[in-house]
Amino acid sequence: MSKRILWKDAWQAISRSLGRFIAIFLLMAVSAFALIGLKITGPDMRQTATSFFAQHHLADTTITSNYGLDSRDRQIIRQQKSVKQVDFGYLQDSTIDQTKQALRIFSQTNGVSSWQMVSGHLPRHDNEIAVSYLLKGKYHLGQWITLKQAGSLKHRQFKIVGFVRSSEYLDRSDIGQTTVGTGQLSGVAVVKKTAFKTGTAYAIARITYNQTAKMNPYSARYTNYVEKQQQQLKKALNRHGKTKQQKLERQLKAAQQQLTQATQQAALLQQKNAGAGNSALIQQAAALKKQQAKLKQLGSPTYTLSDRAENPGYAIYRSNAERVDILANVFPVLLFAIAALVSLTTMTRFVEEERIQIGTFKALGYSNADVAKKFALFSLLASSAGVALGAWGGFMVLPKIIFKAYAANSTLSGFQIHFSWALLLTTWLIAVLCTTGAALWALHRDVKAKPAALLLPKPPKGGSRILLERWHWLWNRLSFNYKVTMRNLFRYKSRALMTIFGVAGCTGLLVMGFGIRDSLSGISNIEYSRIIKYDLIAVQNSNSSAKQRQQLKKELNGKSVKGHTGIYFEQLIKKAGDDDATQSISLIVPNNEKNFKQYFAVKNRQTKKTLKLPQDGVIISEKLARLLNAKKGSSIKLKDASGKWRTMKVAGIMEMYIGHYVLMSPQAYQKIFHQSYQTNAQLITLKKGAKLQQESQRLMATGAVKGINQNVNNQRTIDNIMGSLNRVMIILIGLAALLALVVIYNLSNINIEERMRELSTIKVLGFYDQEVTLYIYRETIILSVIGILLGYLVGIGLHRFIILSLPPANAMFDPTMTLINFIVSALIPAVITAGVAMAMHHKIRSVDMLDALSSVD
């Protein structure tokens, strides 16, 4: 039997039902765009970083020591069997003269953690320097800069010969802290190794391991391997550290003896009036005192081993990629569920419209498979074309947009786009199941019927009493039009449910998207105005002189400082979270709780009650409580700076959105840490109009402050992260709005096409065009309202899930949702419904009543 007429009819079906074809095409395009785009972005971001790290041989471990790395330290490091390559280098922190900008200047590396040239070239002479490309707008090639602190450098003046990108510093805004200038680094720079003075101990060692080159740097396997190697290396270094300490103690004892002898000799010479000899001994005594003070200040030899996660920006970038993965597991699933639902309705209606043609082809002797070709071709072309367009955008466009949003606070560039056949085929199969599968499922009922039955139009659904009619007090008050509407809603249950679920899904996505924007907006403002009220923390130098402490006191009582209060400040650590990452926890023990309230609001987020610092317990931040599964009355263990585990009882959980905090009273501190309490830092609030950078610089200049933590830097970092997430959410909100448009238009179109004879009938009976439109659109409005209300519940559930799983391990989102969110989320589908109604009204007006009512017998 000839199939030519069959294929001709199949191709003509596309032009006859072009609106339906476009609707399915758009549904699949939007769904594929979101699914592929979100699913591939996380891996693309990680692969971009992995390639960058591999290209520049980023160190797996860096080692520093308060006494530098001597020949024995270097020998121990080289003897580690797992070490592939090691590079020893120097570093020096210094401020640029006439500015407040502090640079961390490194010596050039030999193959490990190399620098990427942005412009110019690397230093070729000892007086040349290449600085971070982030400072390109403030300096230019060929410019000479003068450093205030030469330190271990041979020169103070350097010529800028290049702008570079560091493979170790990935954060644009939070580069790190320093002991010079304002206490905050403005950038990094590199000079030749020979630009440093010879004979000084190396300041830093960078290591790469043999096995890590083949590992995914973001995998647990890599993390565990590096941690194991670090533990072995630290044990060996600590053994040498003990030997070094014994040697230093002998030196300190000998220096003390020499100092005593020199002091005694100076006293004797002074009695004999031997001025010249006395002067020499006084100078010797001063030198010995200086050496003694330096040894005391440095303390015991310690080694700090850091992995890549300690590099500024590394953990944040990884966290950003994981945030996209979380969205990819939620957003596209709901999109495809809505698309599948609407596609099922669309294809079911298409099959019903073609009922007579199906009967005709069967009567002519065509097989069921032949009859199915038209619907398979129609749905396959629509879904495949939609997936093709969506996949192009998903692979090529969306990842770039999201990366650009996140790259706003990262120095990584050169985004790499990757293609995945597995992801494309999976998306295509899902799309085919949603369309072709739905068409064949709808068709299988009709092909079982005899041709004679199929050649007759499908009898309309019979009317029946509805539940609402039993409520006489309400039913009797309804007009005729509303009674018809209510009966039709229950008469066409499947179509009604499809409309409700379709609108609910779109509204839910909008509520979720706007809700996350609500949760993101203003977090930093809440954190640093309502909760944290101080401007900076100044950590004091425990080995400062009486004169330096007096200078600090004078500065704290200066005209720029509004107020200050003493605290004990320490960083505790604990591995927690899904990835078992090391969390940094700020321990604050205020000297005076009454004064402390002016700088720190200690409140419970849910009860809004102020929490009092207990005598024998601690108050912890809310996100830390979640990570540790801690509640009031729970006991937690945290590791202090000396490596000892401290057990503490949770007496309360306070509102906090960024960072982890533990607060306790001096009495609780003494019980938990078994040592006397004394302050080591100051919380400082500046007067209005005071310049933070200038005040930080003055505090550092006293010599009694070893580090400053400025809230403005923390706030800037938070704003960058939240801004990136906000831009991603705008994209997702746009996709949800587009889906709502396609869904409402398609369902409205189906509703009208399916009931064209009914509409023509009431037009013949004398109904005006507006009344005919309202006759059918009254149902759509009611169903849309129900869908919007149901969508609120869906959106609230999605929002709650996202805000619990989306934030990084050291942050939480504000769970409250604003009223405007629900209003806008309802307005978007309402406006779309109104716009579609206007388009449908034009279509209803152009209906040929006689043609529609013509007999099909």
* Hey, does Tyr317 have a side-chain heavy atom less than 4.5 Å from the side chain of Thr48? -> yes

* Leu587 side, atom CG; Leu572 side, atom CG - distance, nearest 0.5 Å -> 5.0 Å

* Has the side chain of Lys400 got a donor or acceptor atom that lies under 3.5 Å from a matching backbone atom of Ile417? -> no

* To do: Verify the distance criterion only: is there a donor paired with an acceptor across the side chains of Thr208 and Gln85 at less than 3.5 Å?
  => no

* Where Gly42 and Asp325 come nearest, the two heavy atoms and their spacing -> CA-OD1, 3.6 Å

* To do: Would you check if the side chain of Lys197 reaches a backbone N or O of Gly151 as a donor-acceptor pair within less than 3.5 Å?
  => yes

* Whether Ser132 side chain and Gly187 backbone form a donor-acceptor pair below 3.5 Å -> no

* Any Leu122 side-chain heavy atom under 4.5 Å of Gln108 side chain -> yes

* Taking all heavy atoms of Val112 and all of Ala59, pick out the closest pair and write down the distance. => CG1-CB, 3.8 Å

* How about Gln229 and Ser82: does a side-chain donor come under 3.5 Å of a side-chain acceptor? -> yes

* Side chains of Tyr218 and Met45 in contact at under 4.5 Å (non-hydrogen atoms) -> no

* To do: Would you indicate whether His121, at its atom NE2, is surrounded by more than 12 heavy atoms from other residues, nucleotides or ligands within a distance under 6.0 Å?
  => yes

* Give, for atom CD of Gln184 and atom CE of Met700, the distance between the pair rounded to the nearest 0.5 Å. => 9.0 Å

* Asked: Is there a donor-acceptor pair under 3.5 Å between the side chain of Glu128 and the backbone N or O of Arg124?
  -> yes

* Validation row: Val118, Lys136 side chains within 4.5 angstrom (heavy atoms) -> yes

* Asked: Taking the side chain from Ser107 and the backbone from Lys192, do they hold a donor-acceptor pair closer than 3.5 Å?
  -> no

* Are the side chains of Ile588 and Phe569 in touch, meaning some heavy atoms are under 4.5 Å apart? -> yes

* Carefully, step by step, assess Tyr314 and Phe53 under the rule ring pair (Phe, Tyr, Trp, His ring centres under 6.0 Å). => CA-CA 11 Å; Tyr314 185 95; Phe53 300 150; 5.3 Å; yes

* Asked: Only one of Asp307, Asn216, Asp60 forms a side chain to side chain donor-acceptor pair (under 3.5 Å) with Tyr222, so which one is it?
  -> Asp60

* Asked: If we ignore angles and hydrogens, is there a donor and acceptor under 3.5 Å between the side chains of Gln75 and Arg78?
  -> no

* Asked: Do Ser319 and Arg323 have a side chain donor and acceptor closer than 3.5 Å?
  -> yes

* **Donor-acceptor under 3.5 Å (Asn238 side chain, Gly241 main chain)** => no

* If every non-hydrogen atom of Ile77 is compared with every non-hydrogen atom of Val83, which pair is closest and at what distance? -> O-CG2, 3.7 Å

* If you measure from CD1 on Ile207 to CD1 on Ile63, what distance do you get to the nearest 0.5 Å? -> 3.5 Å

* Asked: Any side-chain heavy atom of Val164 sitting closer than 4.5 Å to one from Met117?
  -> yes

* Step-by-step side-chain contact (heavy atoms from CB on, under 4.5 Å) determination, Ile105 to Leu153 -> CA-CA 9 Å; Ile105 303 163; Leu153 289 163; 4.0 Å; yes

* Side-chain donor-acceptor contact under 3.5 Å, Thr109 with Asp87 -> no

* Under 3.5 Å side-chain donor-acceptor pair for Asp73 and Tyr303 -> yes

* **side-chain contact (heavy atoms from CB on, under 4.5 Å) evaluation trace for Val324 with Ile402** => CA-CA 9 Å; Val324 180; Ile402 296 176; 3.9 Å; yes

* Asked: Does some side-chain heavy atom of Gln540 sit less than 4.5 Å from a side-chain heavy atom of Gln682?
  -> yes

* To do: Give the C-alpha distance, both sets of side-chain angles, the deciding distance and a yes or no for side-chain contact (heavy atoms from CB on, under 4.5 Å) between Ser410 and Arg172.
  => CA-CA 5 Å; Ser410 173; Arg172 284 175 176 264; 5.8 Å; no

* Is the closest side-chain donor-acceptor distance between Asp93 and Thr178 under 3.5 Å? -> yes

* salt bridge (charged side-chain N to carboxylate O under 4.0 Å, His left out) evaluation trace for Arg206 with Glu168 -> CA-CA 11 Å; Arg206 297 177 173 90; Glu168 294 179 336; 2.8 Å; yes

* Donor-acceptor under 3.5 Å (Asn541 side chain, Lys706 main chain) -> no

* To do: Check step by step if side-chain contact (heavy atoms from CB on, under 4.5 Å) holds for Leu699 and Leu556.
  => CA-CA 8 Å; Leu699 288 167; Leu556 290 173; 4.2 Å; yes

* May I ask you to check whether Thr702 and Gln548 show a side-chain donor-acceptor distance below 3.5 Å? => no

* To do: Please determine which of Gln149, Arg104, Arg156 meets the side chain to side chain donor-acceptor pair (under 3.5 Å) test together with Ser94.
  => Gln149

* Asked: Atom CD of Gln47 and atom CZ of Phe52: how far apart are they, to the nearest 0.5 Å?
  -> 14.0 Å

* Asked: What are the two closest heavy atoms between Val191 and Pro123, and how far apart are they?
  -> CA-CG, 3.9 Å

* To do: Just say parallel, tilted or perpendicular for the rings of Phe158 and His155, cut-offs at 30° and 60°.
  => perpendicular

* Separation of Thr99 OG1 from Gln101 CD (nearest 0.5 Å) -> 4.5 Å

* To do: Please check if any side-chain donor atom of Tyr657 sits under 3.5 Å from a side-chain acceptor atom of Ser621, or the reverse.
  => no

* Say you draw a straight line from CG of Asn709 to CD1 of Ile684; how long is it, rounded to the nearest 0.5 Å? -> 11.5 Å

* With a 6.0 Å cut-off on ring centres, are Tyr202 and Tyr90 close enough? -> yes

* Sub-3.5 Å donor-acceptor pair from the side chain of Lys154 to the main-chain atoms of Thr194, do we have one? -> yes

* To do: Begin with the C-alpha distance, continue with both residues' side-chain angles, and end with the deciding distance and a verdict on side chain to side chain donor-acceptor pair (under 3.5 Å) for Glu227 and Thr223.
  => CA-CA 6 Å; Glu227 185 178 2; Thr223 304; over 6 Å; no

* Provide the closest heavy-atom pair for Thr64 versus Ala203 in the form atom of the first, atom of the second, distance. => CG2-O, 3.6 Å

* Asked: Should we say atom NZ of Lys84 is surrounded by more than 12 heavy atoms from elsewhere, each under 6.0 Å from it?
  -> no

* Asked: Pick one: which of Lys687, Arg698, Gln694, Lys691 meets side chain to side chain donor-acceptor pair (under 3.5 Å) with Ser560?
  -> Arg698

* To do: Carefully, step by step, assess Tyr209 and Thr61 under the rule side chain to side chain donor-acceptor pair (under 3.5 Å).
  => CA-CA 9 Å; Tyr209 298 112; Thr61 296; 3.1 Å; yes

* Check for a donor-acceptor pair, side chain of Glu570 on one end and backbone N or O of Ala641 on the other, with a separation under 3.5 Å. => yes

* **Test item: side-chain donor near acceptor, Ser584 and Gln571, under 3.5 Å** => yes

* **For Ala189 against Leu103, the heavy-atom pair lying closest together** => CB-CD1, 4.3 Å

* Answer whether the closest heavy-atom distance between the side chains of Ser696 and Leu536 falls below 4.5 Å. => yes

